[in-house]
Colleague: 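Below are the C-alpha cells for one structure; questions will follow.
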Amino acid sequence: MQRSAASYSNVKHSKIHPKFLNSNSTSHRWPFGAMAELLDNAMDPDVKAQQFCIDMQNFDGIDCLVFMDNGGGMTPDTLHKMLGFGHSDKKEIDGHRPIGKYGSGFKSGSMRLGQDALVLTKHTTSQSVGFLSQTFLKAAHAEEILVPMITWSLDGQQLNADAGDVQQSLNAIRDYSVFQDEAGLLMQLDAIQGTGTIIIISNLRRNSAHQLELDFDADASDIRIAADPPEEGSASPASNYQQSRATQPKEVDVPLDYSLRQYVSVLYKVPRMQVFIREKKVKVKRMTSLLRDKLQETYRPQSNPDFRCDIEMGFNTENENLYGMMLYHRNRLIRPYHRVGLQLEPNDKGLGVLGVVEADFLQPTHNKQDFDDTPAYRNMVNKLGQVLKLYWWEKMTRLGKTPRPLSPNSARGGRTRITQAQAQPEEEKIPDDLWVQCDFPQCLKWRTMPPGTHPDTLPDNWFCYNHPDPAKAALSHTAPEEAYKVPAEAEAAKHERRRQFQAAERERKSKNKTAAELAQEQRELQVRQQQEEQQAEAARIAGERRRLQQEQAAATVRLQAEQKKQIKEEQLRMKRVQQEQQQAFKRQQEVLLRAQKAEEERARSEAALHALQQHNLHLQQQQQEAQRLAGLGRDRQQRLQEEQEQQEAQTRMMAQEAQQSSAPQHSAATAHQTQGPEAPHTQQQHMQPQLQGSGHSHGGTSRAGPSKHGTGKRDSSSQDSADRSDPKKHQALNGSNAGAVSASQARQAKSSAQLDAGLPVHINANGNQAGADMDSSHVGSEDTRSNDRVAPAGSPQHNQAAEVQGEDRNESAMPEQDLVAKLAANLQMALKAVSILKRADPTVFENLQPADLANLDLRALCEAPGSTPE
C-alpha cells in the first residue's frame, strides 16, 4: 500500500545548504555551456521567446551579464519553482519538445557565471523579482537557501500577503544586488515591453589571475573566453581557448570554443529564435546547409529498433579544418566536431568531412556537453566510423582523389590548418542545398535557395520577400515553411555501394599476403559473407516485417475506414428506418384519427337516424291521431247537421206551439178537454226526435238505448221545452245554439288549415286541441249549458258530456277528402297485415287478441322482405 508524503510529516526533512549552489555549478566546465542553459529555457515551449539578448552592462562600476527574452514571463509560483531545485513540469507542445528536464539548468548555469543572479519577470497578470545570491547567503550565515521575492501588480501595487516578507526581501536585494530601492526595480521592469524576463548576473567569475573569465574587450560585438596566458619563459603569444578533442592539434582554430557568437550560431540544428549578442544579431546556421557531396544513411539501434537516427555526411564548404561529427539531441548541440573512425587515424583520411546526427535515443549528461557512455552510444560511434569509411572510399579513393597536402610544419601523422594557398576553390564552397532564415521576428521561417546559390551572395538581413523565386517572394511571410527532408536513396543502391566497398577492401588487403593468410582471410571472408547474408536476411526479414506491419496498418486503416463507412451507412439506414417508422406511425395516427372521426360521424349519424326515426314515429303517431280525429270530425259534422235539422224542426215546432198558444184560452181548454189524456203523449212524440238527437250526440258507449246520460238529456229537453214556452228564454237558447255551431265550425277550419300546412295537431289529456283551450272551454261550457243544463258540475254525466264535446271538436281537424283517403290507405294496410300474419302462422293469428293487434307495427310488417301477400 502506497502512502502519500503527508503521512510522513514527522520524518526529518533534508535541507539544501547554500554551498550546494557552488558545487552544482562545477558541472559546467565551459562557461558557454552555462550560458546555453539560459538560452534553452527561453527556447523551450513553455516560454517560446522569439528574441533573446545577451549583453554586458556596468551598474555603478559593477560588470554584469544581462540576459533578456520576450517570452511569456513567469508567474510568482513559476518563478519560485525556477529558483528552487528539481522542479520541472515541461512538456511537449505542438510538436515542440523541451530541451531541459532536470529542473536545475538555471541554478547551475547562473551560479557558474557569477555569484549573484537577480531575476525580473513580467507576466500578463503580475510582475515579480527573485534573488538567488551566494554573497547574501554567505553574509547571512544561512544554513539553507533563502530566496527573497517580491510581487507587484502591473500598476506597481504590492501583492505579497506578508509585509514583513516584503521588507526583508527588499533589504536583501538592496544590500547585495545592483539595485538600491524598490523604485529602481520597478523602473527596470517597465523596460520590459509586454511580457518577458531579465536576468542580471553580478560578481562574475574570475580566473586564477583574478581576471574576468569572459573577455568583453577583444570584440565589441562578441563575448569571448579569455585567452590562455603564455607559459613562463615561452616567447609564443597567448592562444585562444580550445576544448580538448582527440587527434586535434593545438594549432587548429575552432571559433565556437572561444566565441559565443560562433557557438550560438550552430547551437541549434534548426534555430527558432533570434539571438542578439551585444546588440548585434547572430547569423545562425543550419549545419546541413554547409555540406556538399552529401551521403545519407539511416541507423536503427539494435537495442531499440523503433528509434531512427538520420546521418548526413559531406564536405564542409565553410572551413575544411573544422570536421568531425556534430551530435545533436532534441535540436540542441551536445558534442561539436567529434572525430570518429578514419579521423582518429594518424593520416589525412577523413579530412574536411563533416557529419550531422540527431541522436534523440541517447541520454545526455547533466551539463548537456556530452552523452552518457553507454553501449548504445558506443554502437552509434562505431556506426559513424563505418559510414565515414564508406563515404571516404566512394568520394575519394574510388575516384582516385587525394586530399590537399598538409602544412609543411606539421609533424608526422599530425593534422594542422590548411594554409591560404591550399584553400579550396570557390566552386567547392557551394553546398548541395542552402537554407536561409527570415529575419522578421514574427516569421523566422526557413526558405530554400535555388541550387548553385553561393552563401556570400545573401544579404546580412534577409526577408521572405527577398526570395529569388518571384512566386515565393510574392507570398512573402504567408507562405508555409518547407519541411526539411533527408535526401533518400534506394536501398539497392546503398547495398551495391557497400558490396563494392567491401570488395575493394578485400582486394587491398590481399596484396602481399601469404597462402596461410589468404586462407585465413578466405575463411574470414566466408564468415563475414555468412554474417552479411545473415544480416541481409535479418534486414530482409525486418523489412518484410515492416512491410507486413505497414500492410497491416494500412489494412487496419482500410478496415477502420470500411467500419466507419458501414457504421455511417447503418446510421443512415437506421435514420431512414426511423423516418419510415415515424411516417408509418403518423399514417397510422392519421388512419386512427380518420377512424375515430368516422366512428364519431357514424355515432352522430346513428343518433341523427335514431332521432329521425323517433321523429318519423312521432309523425306517424300524429298522422294516425289526425286520421282518427278526421273520422271523428266527419261524424261530428254529420251530428251537427242532424242537430241543425233537429233544431230547425224544433224551431218550427216551437213556432207552431207559439201560434197555438196565441189562440183564445178557451180554445186551448176546449182542445185540452177534447184531447184528454192523449195530449201529453202527443207532446212526448214531438219531443222524441230531440231526445234521440241528444242521445246520439252525448252517448258514451252506445248511440241508442237509455242510460244515465240519456235520462239527463231527456230532463234537459223538458227543461228546454219549458224554456221555449217563455219567449225571452227561447230567444237566448237560439243564440247559444247558434254560437255553439259557429265555434265548432271555426275549430274545424283551424284543424284543417294545420293539416294542410303539414303541422301536427296536438291533443291534450282531455282530448281537446292544444292552443284552443280558451275557445273550446268557452264553447264547451255553452254547449253544456245548452244541452245538459240539469246535470250538476262534477257529476259523471257532466264529465262524459265534456269528453264527447272534445272528441266532437277534434273530428273536424282535417278536410273530408284527405281523411277519407288516409282511412282507405290504413284499411288497405290493415288487410295486408292480416294476410301476412295469417300466411306466416295461422295458429298465432287465431290466438291474437285485439290488444296484440293494436300493438303491431303495420307499416314495418308490410315493408319487410318477403312480406308480399297472396
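Just so it is clear, the values below take in all heavy atoms, side chains as well, and ignore hydrogens, waters and symmetry mates. Count residues from 1 along the sequence.
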Colleague: Can the ring centroids of Y391 and F315 be said to lie less than 6.0 angstrom from one another?
Modeller: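 Ring-ring flag for Y391/F315: true, centres closer than 6.0 Å.
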Colleague: Within 45 degrees of the ring normal and closer than 6.0 Å to the centroid, is that where the cationic atom of R300 sits relative to F307?
Modeller: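 No, R300 does not sit over the ring of F307.
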Colleague: Measure from the side-chain N and O atoms of D372 to the backbone N and O of T374, and report whether any donor-acceptor pair falls under 3.5 Å.
Modeller: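 Not at all, since once roles are kept as given, no pair shorter than 3.5 Å links the two residues.
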Colleague: Quick one: does NZ or CZ of K107 land under 6.0 Å from the six-membered ring centre of F85, within 45 degrees of the ring axis?
Modeller: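 Ring-cation test returns yes.
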Colleague: Is the distance between the ring centroids of Y258 and W30 less than 6.0 Å?
Modeller: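 They do not qualify: ring centres at least 6.0 Å apart.
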Colleague: Could you check V357, D310, N379, V387 and say which one makes a side-chain contact (heavy atoms from CB on, under 4.5 Å) with Y299?
Modeller: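 Answer after filtering V357, D310, N379, V387: N379.
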Colleague: Between E482 and R447, is the closest basic N to carboxylate O distance under 4.0 Å?
Modeller: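 No.
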Colleague: For side-chain hydrogen bond (donor to acceptor under 3.5 Å, both in side chains), just list the numbers for R245 and Y337, CA-CA rounded to whole Å, side-chain angles, deciding distance to a tenth of an Å, and then say yes or no.
Modeller: CA-CA 8 Å; R245 296 181 181 89; Y337 305 125; over 6 Å; no
Colleague: So do the side chains of M313 and Q296 get within less than 4.5 Å of each other, counting heavy atoms only?
Modeller: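 A side-chain contact is absent here, since even the closest heavy-atom pair is not under 4.5 Å.
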Colleague: Within a strict 4.5 Å, meaning less than it, do heavy atoms of the L267 and L39 side chains meet?
Modeller: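 A side-chain contact exists here, since the closest heavy-atom pair is under 4.5 Å.
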Colleague: Before accepting this row, confirm whether a basic side-chain N of the pair D222/R278 lies closer than 4.0 Å to the acidic partner's carboxylate O.
Modeller: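 R278 and D222: not salt-bridged.
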Colleague: Answer yes if the side chains of D257 and Q242 hold a donor-acceptor pair under 3.5 Å, and no otherwise.
Modeller: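 Checked: D257/Q242 side chains show no N/O donor-acceptor pair below 3.5 Å.
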Colleague: Hey, are R528 and E533 close enough for a salt bridge, meaning a charged N less than 4.0 Å from a carboxylate O?
Modeller: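 Looking at R528 and E533, the cut-off is not met.
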Colleague: Hey, which of R286, R292, K294 is the one that makes salt bridge (Lys or Arg N to Asp or Glu O under 4.0 Å) with D433?
Modeller: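 Option passing the salt bridge (Lys or Arg N to Asp or Glu O under 4.0 Å) with D433: K294.
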Colleague: With a 4.0 Å cut-off on N to O distance, would you call R112 and E213 a salt bridge?
Modeller: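 Yes, this pair counts.
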